[in-house]
Amino acid sequence: MQNRLKLFSLLSVSCFLFNLHPISAQVYPIRAHDPSIIKTDSTYYIFATGRGILFWSSTDRQHWQFSGRIFNRTPDWVYQVVPDFNGDMWAPDISYYNGKYYLFYAVSKFERNTSAIGLATNVTLNPDDPNYYWDDHGVVVRSIPGRDLWNAIDPNLAVDEQGTPWLVLGSFWDGIKLVKLDTSRTRIAEPEQWYTVACRPRTFGLDDTLPGDGAIEAPYIIHRNGYYYLFVSFDYCCRGVRSNYKVAVGRSKQIFGPYVDRSGKRMTDGGGTIIVEGNKHFPGLGHNAILHDDGKDYIVLHAYDAEHHGVPDLAILPIQWVDDWPVVDTSYLK
């Protein structure tokens, strides 16, 4: 994600105070930037950008307890990919498969596509479990400035109707990419199959090493009722009260597209139906995940809180489905 907040180091020293009362019914004062969520047994877990990757737990989805960091020490391979790495790992994505939890995450140089997506696995998410241990598998995908016109950050694991795993990723440059993984979910499948599934116009002639002005990132794919839905974030995060992040969506009958918005415009042509955008209190909201819980769907994202100097609060908002399109209840964002 471009323009990552410089306050992540501040989050590291303040994140143990977040078992607080919610601001409103669905917005919570935990600094969960780029949140990913999963429910296991009776416990919810949120994973977020930060030093070593931060995570919280809750038994009621209302009160959140800081649970620690995934990495107390940065894996050695990270410094080989990003020599001046500052310690903040971005945009974790959590999933469960065949007895293990899979946590994809990104490392990068700010505003460059000197980036890679790594993977760590664990048999449990409970830090008190004696079997708790994150096994890091190293690089899954890497982008290199001048070679790649895409950025290997903001990963999300998606699974098609046949059970095939795919990784959707990307930020700015030439947009959002999709690549098939092998059955281990730890590496790209051979032969490699790459697709561009969404992008926004990029000013012609910009240097390939620059992110450009096609402001799109944070992809997330779900499958529902015969359609694949691609959620993305438009515009800019990480600028505090000046953030203007918003969430857009398109759908397709095939996981690799073409994705179109409600008007029929392809997302590869800049299309995308806006379903969440900011207001005076929360000027920017984005980088979403989707939670399906007790027969209902929720969009989970961070919301920049203007009343608290633009810090990113956790927001969990209900989704209604109208004519097979998601409609988000933003009445909680007051």
Side-chain angles (χ1 to χ4, degrees), residues 11 14-50 52-72 89 91-105 119-136 155-159 163 165 185 220-225 229 231 287-303 312-321 326 328-329 332:
L11 305 187
S14 60
C15 58
F16 43 81
L17 299 176
F18 295 139
N19 187 14
L20 303 178
H21 296 295
I23 293 175
S24 64
Q26 301 287 342
V27 182
Y28 311 96
I30 68 171
R31 310 305 180 232
H33 206 267
D34 310 331
S36 181
I37 191 168
I38 194 169
K39 183 182 181 183
T40 174
D41 297 325
S42 60
T43 303
Y44 301 86
Y45 291 91
I46 289 279
F47 296 84
T49 290
I53 304 175
L54 312 177
F55 73 110
W56 293 260
S57 61
S58 173
T59 57
D60 60 5
R61 222 178 60 220
Q62 298 289 319
H63 303 88
W64 293 91
Q65 179 67 44
F66 180 67
S67 298
R69 307 173 194 279
I70 302 305
F71 296 104
N72 292 317
M89 295 176 169
D93 177 75
I94 187 69
S95 59
Y96 180 79
Y97 173 71
N98 199 25
K100 286 186 179 180
Y101 295 92
Y102 288 70
L103 187 76
F104 290 91
Y105 62 93
L119 169 67
T121 58
N122 204 329
V123 296
T124 178
L125 298 182
N126 181 2
D128 297 325
D129 190 310
N131 295 314
Y132 180 86
Y133 174 75
W134 286 102
D135 182 18
D136 188 62
N156 168 240
L157 178 74
V159 179
R185 304 190 177 199
Y220 197 95
I221 292 176
I222 65 169
H223 185 256
R224 181 187 184 277
N225 201 23
Y229 293 85
F231 299 81
H287 201 118
N288 76 275
I290 301 295
L291 172 67
H292 184 75
D293 188 29
D294 293 332
K296 299 179 181 179
D297 291 318
Y298 301 86
I299 189 167
V300 181
L301 65 172
H302 65 254
D313 293 325
L314 173 67
I316 303 176
L317 306 175
I319 297 174
Q320 294 180 333
W321 294 90
V328 178
D329 185 353
Y332 300 101

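Quantities reported herein were computed from a predicted structural model and do not represent experimental measurements.
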### Task
Kindly indicate whether the side chain of Pro318, heavy atoms from C-beta on, has any atom under 4.5 Å from the side chain of Tyr332.
yes

### Query
Of all heavy-atom pairs between Pro155 and Ala91, which one has the smallest distance, and what is that distance?
CD-O, 3.5 Å

### Task
Can you sort out the partners of Lys39 under salt bridge (charged side-chain N to carboxylate O under 4.0 Å, His left out), two or more places apart, ordered by chain and number?
Asp293

### Task
Evaluate the side-chain proximity of Leu125 to Thr43: yes if any heavy-atom separation is below 4.5 Å, no if none is.
no

## Note on the structure
Between Trp56 and the options Phe47, Phe66, Tyr28, the ring pair (Phe, Tyr, Trp, His ring centres under 6.0 Å) test singles out Phe66

### Query
Taking only residues two or more places apart in sequence, or in another chain, which ones meet Asp135 in a side-chain contact (heavy atoms from CB on, under 4.5 Å)?
Thr121, Tyr133, His137

### Message
Can you tell me how far apart NZ (Lys296) and CD (Gln320) are? Round to the nearest 0.5 Å.
### Response
10.0 Å

### Closest heavy-atom pair and its distance - Arg185, Leu119
O-CD2, 3.5 Å

### Message
Does either side chain, that of Tyr105 or that of Asp34, offer a donor lying less than 3.5 Å from an acceptor on the other one?
### Response
no

### Message
Quick check: closest heavy atoms across Pro92 and Thr49, and the distance to 0.1 Å?
### Response
CD-N, 3.7 Å

#### Entry: From Ser36 atom OG to Phe104 atom CZ, the distance as rounded to the nearest 0.5 Å
11.5 Å

### Task
Identify the two heavy atoms, one from Pro312 and one from His302, that lie closest to each other, and give their separation to 0.1 Å.
CB-CB, 4.0 Å

### Task
Would you please classify the geometry between the Phe55 ring and the Tyr45 ring as parallel, tilted or perpendicular, with 30° and 60° separating the classes?
tilted

### Query
Can you name the residues that form a side-chain hydrogen bond (donor to acceptor under 3.5 Å, both in side chains) with Ser58, not counting sequence neighbours?
Asp60

### Message
Between Ile37 and Ile46, is the side chain to side chain contact (heavy atoms under 4.5 Å, CB included) condition met? List the steps.
### Response
CA-CA 5 Å; Ile37 191 168; Ile46 289 279; 3.7 Å; yes

### Message
Could you report the tightest heavy-atom contact between Leu157 and Asp93, atom names first, then the distance?
### Response
N-OD2, 3.0 Å

### Summary
Residues Ser67 and Ser57: closest non-hydrogen pair is OG-OG, 3.1 Å

### Value rounded to 0.5 Å, distance of CZ in Phe71 from CD1 in Ile53
5.5 Å

### Query
Can you list the residues that meet the side-chain contact (heavy atoms from CB on, under 4.5 Å) rule with Asn122, with sequence neighbours excluded?
Thr124, Tyr132, Trp134

### side-chain contact (heavy atoms from CB on, under 4.5 Å) partners of Pro326, counting only residues at least two apart
Tyr229, Phe231, Val249, Ile275, Ile319, Trp321

### Task
Calculate, to the nearest 0.5 Å, the distance between atoms CD1 and CG belonging to Ile70 and Asp136 respectively.
11.0 Å

### Task
Not counting sequence neighbours, which residues clear side-chain contact (heavy atoms from CB on, under 4.5 Å) with His292? List them please.
Asp297

### Heavy-atom side-chain proximity of Ile290 to Ile299 below 4.5 angstrom
yes

